[in-house]
Protein chains: 2
Amino acid sequence: MAVNAEKIAPPQDFEALRAAILERRRELPKRLVQVAAYALDNPDEIAFGTAASIAESAEVQPSTLVRFAQQFGFDGFSGLQQIFRARLKERTSSYEERLRTLEQNGAPLSESASIFNGFVAAAHRSLDALAGSVNAAAFEQAVEILAKAETIYLIAKRRSYPISSYMAYAFGKLKVKSALVGTSAGIDDDLLSFAGPRDAAFAVSFSPYASESAGQARALALRGVPVVSLTDSVFSPLAECSRVWFEVAEADHAGFRSLSASMAFAMALTVSIAEKRRRDAQERPG
Amino acid sequence: MAVNAEKIAPPQDFEALRAAILERRRELPKRLVQVAAYALDNPDEIAFGTAASIAESAEVQPSTLVRFAQQFGFDGFSGLQQIFRARLKERTSSYEERLRTLEQNGAPLSESASIFNGFVAAAHRSLDALAGSVNAAAFEQAVEILAKAETIYLIAKRRSYPISSYMAYAFGKLKVKSALVGTSAGIDDDLLSFAGPRDAAFAVSFSPYASESAGQARALALRGVPVVSLTDSVFSPLAECSRVWFEVAEADHAGFRSLSASMAFAMALTVSIAEKRRRDAQERPG
DNA sequence: GTCAACATGGAATGTTCGTTCTAAATGTGG
DNA sequence: CCACATTTAGAACGAACATTCCATGTTGAC
């Protein structure tokens, strides 16, 4: 009975435990910090491993794990492990898995239903890919370029036109001056002839690339108009004439792509630009 | 050495195991079927429980679990359990969780980056909601209505315009006759006056509803043109004049919505329609 | 420099685990 | 109804487990 143990109640879920670990991080002894770091970095290991195997991976003694758990109010290591296991149980199953369960339990899916599910799954994948491939610094730079432009010229044809048209709509609502290029044939080049270095352009083009879009973007770049672009491949002709460019690989279902991820990207960019303008205006009023 | 054991290799992943269990379901003895059912219904229990605890839940003896595992080529219960655990490990973590890890490890996210992540997360949520809310039978019905239409009239204004414009593009590629209503003011009503009962319309409208879209849809419905619609609320004026209608609740980030889920829906509908036409044409050539 | 308080490593311990084994039960073909 | 094969239940066993305990190491105050 030497230890005047603080009998605090142990965290009941993973989030609470995580918060508690983070909070007490600094006041913990060296080995316990080591365990803390390992636990938060390798939660799956904690969930599945045995005290001995985890101890070996984390390069501590099994007894250290027990002491760590006790520090946070658990009876022993097992109690702490329960939290890590519960976390995995509660985690909703992946979309594909839910799909399969659906097919399994009910009647076999009709063709339309499986096409529908295919597109939803593809959209999920696209969003994951988007999140993984977009560099935060590049995004920030793109926002800066476009936020300080007087007029934002939106260049898009064919498959990418819906993206720009939505951006044009949103920019209108957000009181950001923009011009949608690609609406009616003929007036496009006249419109673009107004663009100067104080403006900027956002070009979207997916394979098969509309050569017109690439040509317009190149012409603008030559005249000193900064160009930001969104495309689906590193080999896009747009990439070479752009200050900043992004690659978004839309997953396809049966050869057809939806624009789900591109839409999310476009809206994020649009709102970021408007938000940056708002803040800049606040800082330097006039 | 009495048992002339079939030394088949055990399944290496959960899917293979599942398939093997389903395949051999009928030839297994009673208690093993009992285990099989329990295992597929409560995979998480198998992953985390002990042989004893699982045996109690499944109302069999622990030894039965071992025999079950051996039936499928594993050395013992533990080998089988590994498969159930691997399944949980491989399951990618939820997007929100990955986000938090990102914020935690690196520097605090810039405003643009967090807006970006917010839209990606919102898009994921929207897709989940979409998958949950769209009724397979209704979708099938919508496909049927639109597939047998001579011309598909696409009605959309403002925020929903990008959806229809992409559908129009895709229909063009798929050789499905469609007309996009909402391009230039004035000619819309002239265009719609051609529509008859042998055609169909697909209307998209989100709040705040463009009264023009609702009016056009109602006019078509009165003239016997079947209308299918996509909207974001049960109270949409479109719903009442539509044969079939769908509700897609796009999650928003800071009050702004991207059209990610709607886009996925639109493409699924578009491709389903084209596919149905292709099959109908094959069955009744002429 | 000394001592107390705390942290750590590693062996010891009692428990629980998965597995094996055997006898009883159940089903099957003649 | 019997002989036989298969399936099952439950006890027995050895290995692996989480935990405890204590000697040793480390730190910081005085």
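Remember, it's a predicted structure, so these values are computed and weren't measured experimentally. Below, chains carry the letters A, B, ... as their sequence lines are ordered, and counting in each starts from 1.
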Can you name the side-chain hydrogen bond (donor to acceptor under 3.5 Å, both in side chains) partners of A/Arg257, sequence neighbours left out?
->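 Checked A/Arg257 against side-chain hydrogen bond (donor to acceptor under 3.5 Å, both in side chains); zero matches.
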
Salt bridge (charged side-chain N to carboxylate O under 4.0 Å, His left out) pairs, two or more places apart, involving residues 268-278 of chain A =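 Found A/Glu275-A/Arg278, A/Lys276-A/Asp280.
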
Within the 4.5 Å heavy-atom criterion, are [X] and [Y] side-chain neighbours or not?
X	Y	value
A/Phe119	B/Thr270	no
A/Arg67	A/Gln71	no
A/Asp13	A/Ile83	no

Under 3.5 Å, side-chain donor or acceptor atoms of residues 30-37 of chain B against the rest of the protein: list the pairs with distances, not counting sequence neighbours.
{"from": "B/Arg31", "atom 1": "NE", "to": "B/Gln34", "atom 2": "OE1", "distance (Å)": "2.8"}
{"from": "B/Gln34", "atom 1": "NE2", "to": "B/Ala58", "atom 2": "O", "distance (Å)": "2.9"}
{"from": "B/Gln34", "atom 1": "NE2", "to": "B/Glu59", "atom 2": "O", "distance (Å)": "3.1"}

When the nearest nucleotide of DNA chain C is assigned to B/Ser78 and to B/Arg67 on a heavy-atom basis, which residue is associated with the more 5' position?
->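 Result of the comparison: B/Ser78.
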
For DNA chain D, note the earliest and the latest nucleotide, 5' to 3', having some atom under 4.0 Å of a heavy atom belonging to chain A.
->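 From 5' to 3', the first and last contacting nucleotides are D/dC17 to D/dT20.
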
Give me the residues of residues 45-63 of chain B where at least one heavy atom lies under 4.0 Å from an atom of DNA chain D, by number, or none.
->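 Nucleic-acid contacts, sorted: B/Gln61, B/Ser63.
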
What are the 5'-most and 3'-most nucleotides of DNA chain C lying under 4.0 Å from any heavy atom of chain B?
->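 So the outermost contacting nucleotides come out as C/dC17 to C/dT20.
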
Does a donor on one side chain and an acceptor on the other come within less than 3.5 Å for A/Ser262 and A/Glu250?
->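 Yes, A/Glu250 and A/Ser262 have a side-chain donor paired with an acceptor closer than 3.5 Å.
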
Can you tell me if A/Gln141 and A/Arg243 form a side-chain donor-acceptor pair at under 3.5 Å?
->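 The criterion, which ignores hydrogens and geometry beyond distance, is not satisfied for A/Arg243 and A/Gln141.
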
Enter the distance from A/Asp252:CG to B/Met267:CE here, rounded to the nearest 0.5 Å.
->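 Answer rounded to 0.5 Å: 10.0 Å.
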
Could you give me the CA-CA distance, side-chain angles and deciding distance for B/Phe265 and B/Phe139, then say whether ring pair (Phe, Tyr, Trp, His ring centres under 6.0 Å) is met?
-> CA-CA 10 Å; B/Phe265 178 91; B/Phe139 190 78; 5.7 Å; yes

